[in-house]
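As the structure is a computational prediction, the values presented were derived from the model and not from experiment. Each chain gets a letter, A, B and so on, in the order the sequences are listed, and its residues count up from 1.
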Amino acid sequence: MVMDFNHKEIEAKWQQRWKDAGVFKAKAEADKKKYYVLEMFPYPSGKLHMGHVRNYSIGDVVARTRRAMGYNVLYPMGWDAFGLPAENAAIKANVHPADWTYKNIKQMREQLQALGYSYDWDRELATCHPGYFRWEQKLFTQMADRGLAYRKSSFVNWCADCATVLANEQVEDGRCWRCSSEVEQKELVQWFFKITDYTEELLADIEKLHGGWPEKVLTMQRNWIGRSEGALVRFPLDRPEGDTTHIEIFTTRPDTLWGVTFMSLAAEHPLALQLAAGTGREEEVAAFVKKVRNEDKINRTSDDYEKEGVFTGRYVTNPVTGKKAPVYIANFVLMDYGTGAVMAVPAHDQRDFYFAQKYGIPMEVVIKGESTPDDASLLTEAYVDAGTMVNSGPFTGVPNEEGKSRVIGYLKEMGYGDSTINYRLRDWGISRQRYWGAPIPMIHCEKCGIVKVPEEQLPVTLPDDINWADHTSGSPLAAHPTWKHVACPVCGEPALRDTDTMDTFMESSWYFLRYTSPRHETGIFDKEAANYWMGVDQYIGGVEHAVMHLLYARFFTKVLRDLGHVDLDEPFNRLLTQGMVTMEAQKCPTHGWLFPEEVTKDHACTQCGAPVERGRVEKMSKSKKNVVDPMKYIDTFGADTVRFFMLSDSPPERDLEWSDAGVEGTSKFINKVWRIATAFLEAAPECGELGTSEIRKVAHRAVKKVTEDIERFHFNTAIAEIRVLFNELGTVKPASPSEWADYREALAMGIRLIAPFASHMAEELWERLGHSELLTNFSWPIHDEELLKEAEFLLVVQVNGKVRDRINVPADAAEDQVKELVLASPKIQELIAGKTLRKFIYIPKRLANVVAN
RNA sequence: GCGGUUGUGGCGGAAUUGGUAGACGCGCUAGAUUCAGGUUCUAGUGGGCAUACGCCUGUGAGGGUUCGAGUCCCUCCAACCGCACCA
């Protein structure tokens, strides 16, 4: 009797068997070609969502297929376990962040295991474990030794009530997300990583990633680094400020130097307050500077931010013209780009144009396009395009593009300035006034200064006894009564630990290397293992990490290389950014956004019966309630069905719309495969010698197509081909022992092809087909090209480019013979009757086009 | 504003190099099975015209190259994503 596929029993059975057999354990074997598949590891929120399921289902297909193709596969999983949610849970529910995190890890591990992914669980790691962050602390000290980690003062979002730094995304409308008090910009001394030492290499090596990474991500990285070539120009001050005699500016438009009519400084510029001293404008300038500095970044970068400024009462001299230009403080000038000072050319820069209009500053045209007026007062906007330099001393008449480099040469010669390259990329501030992170392994001693924690004292672990009820005293580590007090490792006198923890982006910047030797005890990771397994052959994750995580991981890889830990320039050879899982959001006029289960089949609200408004199809999110719980579907339909569906509807890099109908359809197909296979086993037909019946050809074609499609990540078309094969297996009626042998081969091939997608069912059917060895250990099927050769092929015949006929042609027919057959076709004869044959185009095995008029 | 991606049936999508547009699936229609619903099976399903063999038309819009264009080139439109006072 043919039974429906019992997913619960069969999935549990094979998960246990795989575990017992240890089939997914990775071992470095020099004689085998390695393949490292990695998904971006999750934050252990405690609950798997559909985005995870999609991400890992893609990776598992890659891992299983590569294993079957004979590669030595490393496919690990772990937890990005430090971070704010654990600390928030601690404050809210008075649970220790570690307890909360480990409980979540346990839950999520169980969920992942229920999905049957082929991870090597022996390599699992959690970044909050001292065995992990110990090496991160060691690395930090090594970076500090090399000057790659240093302290400097910078402006940060600061909440005075909570006494802590806030990330930009934790500032809402200029207020603290937690206590709603106003956020200030505060200057604070923090640890930084000198990522800017690697700017050029990070930029140049992007070229190595073409083809392997999505262009979009490479562009984002390039833009983030933001290289721009230009000039530094020194403008003499009207009178010196201490040792400062000049103000230095950065410009990409040295060709407009003759059109400078004023200068703008950032409010944070070191000279901003000093300049006004003694000019009678001190108060106005001080008030403006204070106002700008206290504005939060979100406000400052909003669209309608009004350009404002204040005159300092001081002047600089334009070195090339000798003209005086007033110095302003302007709110749109950024201290962290260039030198924080800008030469203003209102005729050729839109911002300067607005500013000059507002404050009645003169303008001067120095670049002329075809219809640029001579008189700047006739301009309605800045002219920013190419043109000819005018009123520019020795450069008048020079095309401005050529002028850029010639002016720089002139500046050098005269000693006014130099060429330079400026970057947008800033050093990476990593200090966090948080508890749930890796402590910065540094000690502040009054006598010895800043001293690193000696290696034998690592790891510096977190104290457990934190008073979570009191979160107003700021950093939990700073507030802890004893933890920070320690003897200076150099002089032995009382000293203080650094009470900041490291940015959690650090853990994800090297975890892929630790996976290669996750329990290594004598160093950050085993160099030999890292050299064997790295780089990651296929990395898979969300595009939201396109800049930060991937840039930091690339940076760390280069640092680790330079510290001698690994021989590697780039960590990820290939990157796939998978699309989001989306779903229609639904809203009730009175009850707001509704979960899918709060909506009836007729699109009415279950609470009030009102018709729901259909929202956009967008990323599943708790706020829009357009979410479904993967575990619910796994319980109902099984892991095979959910995973199969995740891959069957859309190519992986595109968004996938979740659909209950789609999952049900997939479930029907899984059951169909089960029925076809069990019906065959039930019938137990006599199988003779293999023949050449049609079903064999279909199967071998499927093997070819599925193999190619998986290789290019077109899982949806691979699945379509698998369906074609099983549709055929469901209809053919073998009539002889030879045909049954063909059928049996085709069925076995189908099971092997479906194994990466519906792994549990495939194993079960494989066993029932009489194999004692695990399907997981079998190699990938290979098609026989001979079988795909046909005696005849169907030739499409066009007349003047339009399809008019299809005729059968012997496979070995030469062009002349084909032409004869085509012209002999009654249909074609009729269509070209009375016309002259102009041309005969033949694309072998595909198409013939008769051109006649 | 700058940069990128994507536009193909009612819907998700296919078409690897310029060569039969719509594979595969969802949905829908009809029929078979079933007491009924579901399941399963069979057939059909871009639009228009035609009783029919067929014919015309069709890949966001418009132009071009070519024997032949979803695919290449030019112009435009729309949606989405990223960055954005970067001097």
| Within residues 657-665 of chain A: residues closer than 4.0 Å to RNA chain B (heavy atoms) |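 Listed by number, they are A:A661.
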| Intra- and inter-strand pairs of RNA chain B in dot-bracket (Watson-Crick or G-U wobble, both distances under 3.5 Å; | for another strand) | (((((((..(((......[....)))((((((.......))))))((((....))))..(((((..]....))))))))))))....
Between [X] ([atom1]) and [N] ([atom2]), how many Å, whole number?
X: A:D385; N: B:rC2; atom1: CG; atom2: C1'; answer: 14 Å
X: A:R654; N: B:rG12; atom1: CZ; atom2: P; answer: 10 Å
X: A:R806; N: B:rG19; atom1: CZ; atom2: P; answer: 16 Å
X: A:K672; N: B:rC24; atom1: NZ; atom2: P; answer: 11 Å
X: A:N223; N: B:rC2; atom1: CG; atom2: P; answer: 14 Å

What's touching nucleotides 65-72 of chain B from the protein side, N or O pairs under 3.5 Å?
unit_1	atom_1	unit_2	atom_2	d
B:rC67	OP1	A:K839	NZ	3.3
B:rC67	O2'	A:N849	ND2	3.4
B:rC67	O2	A:N849	ND2	2.3

| Minimal non-hydrogen separation, A:A852 against A:L837, with atom names |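 Closest heavy-atom pair between A:A852 and A:L837: CB-CA, 4.2 Å.
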| said: So, OP1 or OP2 of B:rG13: does either fall under 4.0 Å of a side-chain N or O from A:S650? | reply: yes
| said: Rounding to an integer number of angstrom, what distance separates B:rA43 and B:rG25 when you compare their P atoms? | reply: 12 Å
| task | Give a yes or no on whether the ring-centroid distance for A:F355 and A:F262 is below 6.0 angstrom. | result | yes
| Among B:rU20, B:rC24, B:rG13, which nucleotide sits nearest the side chain of A:V803? |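 The nucleotide sitting nearest to the side chain is B:rU20.
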| said: Assess whether a salt bridge exists between A:R712 and A:D709, defined as any Lys/Arg side-chain N lying under 4.0 Å from an Asp/Glu carboxylate O. | reply: yes
